[in-house]
Amino acid sequence: AAGVIQSPRHLIKEKRETATLKCYPIPRHDTVYWYQQGPGQDPQFLISFYEKMQSDKGSIPDRFSAQQFSDYHSELNMSSLELGDSALYFCASSLTGNEQFFGPGTRLTVL
Amino acid sequence: QKEVEQNSGPLSVPEGAIASLNCTYSDRGSQSFFWYRQYSGKSPELIMSIYSNGDKEDGRFTAQLNKASQYVSLLIRDSQPSDSATYLCAVNSDTGNQFYFGTGTSLTVIP
């Protein structure tokens, strides 16, 4: 069965640079979620989209933005990167708010 | 106070024993409850979902939900070394648009 696809899997950036993470949800899933997980921490909810509209917002910094496109893929844009942004970023998808299925994640390292 | 509370562990059980993982939540409006397993550096993997009071069994896993006590648990029977991981409890918001994760319980199954 198709799973959630995330790219890139690893990303290294310098402070103050920008980064774009991409997520391709499971086909026919209508909701996409973004999470940030620091070392030893639980996943922190950033933002979600339902049918290409933002549906909920969590602890997403103002430096970050996200959108969902007509083909349902989503992108998380991160600007003015800080050392503290180094983390695993997961995308998950679900069908109408039910079980969330996670992608493999993008490991972002900010130097 | 976090929305979802878990004992962080670590919890150690011998191979073949029953592992019991517990979770409490604060939002009485929550309707959906999930257990995820996460290996270090990997993405959370859904192992159980439960929506109504009582027990739900799937193979060696049993989820238990008590909405009156705002309590959900996961039992793992005949624990195997491969079950060693962090187990995350997740609860949806009353709007259903957001998951709240616990900090996870680290389980080690000793051969």
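In what follows, chains carry the letters A, B, and so on, assigned in the order in which the sequence lines appear, proteins first and then strands, with residues in each chain numbered from 1.
- Around NZ of K67(B), the count of heavy atoms belonging to other residues, nucleotides or ligands within 6.0 Å exceeds 12.
- Atom CG of D71(A) sits in a crowded spot, with more than 12 heavy atoms from other residues, nucleotides or ligands closer than 6.0 Å.
- Residue Q6(A): no heavy atom, backbone or side chain, is found under 4.5 Å from chain B.
- Under the 4.5 Å side-chain heavy-atom criterion for grouping Ile, Leu, Val, Met, Phe, Trp and Tyr, M48(B) is connected to L21(B) within one hydrophobic cluster.
- Between the CG atom in L46(B) and the OG atom in S94(A) there is a gap of 11.0 Å [rounded to 0.5 Å].
- Note on I76(B): it clusters hydrophobically with V109(B), by side-chain heavy-atom contacts below 4.5 Å among ILVMFWY residues.
- Hydrophobic clustering keeps F90(A) apart from I47(A) (ILVMFWY residues linked when any side-chain heavy atoms are closer than 4.5 Å, directly or through intermediates).
- Hydrophobic clustering (ILVMFWY, side-chain heavy atoms < 4.5 Å, transitive): V4(A) and L88(A) are in one cluster.
- Heavy-atom distances place no part of Y100(B) under 4.5 Å from chain A, backbone and side chain included.
- Taking a 6.0 Å sphere around CD1 of I110(B), one finds it holds more than 12 heavy atoms contributed by other residues, nucleotides or ligands.
- Proximity of a side-chain donor or acceptor of S43(B) to a complementary backbone N or O of G103(A) within less than 3.5 Å is detected.
- Of the listed residues (Q37(A), Q41(A), R107(A), Q44(A)), the greatest number of heavy-atom pairs within a distance under 4.5 Å of chain B belongs to Q37(A).
- Only the side chain of Q38(B) has a heavy atom closer than 4.5 Å to any heavy atom of chain A.
- Between the CD atom in Q100(A) and the CZ atom in F99(B) there is a gap of 4.0 Å [rounded to 0.5 Å].
- Heavy atoms only, all atoms of each residue included: P44(B) and P43(A) are closest at CG-CG, 4.4 Å.
- Summarising the geometry of E99(A) relative to S49(B), their closest heavy-atom pair is OE2-OG, 3.0 Å, with the distance given to 0.1 Å.
- Aromatic rings of F101(B) and Y35(A) (six-membered ring for Trp) have centroids within the 6.0 Å cut-off, being under it.
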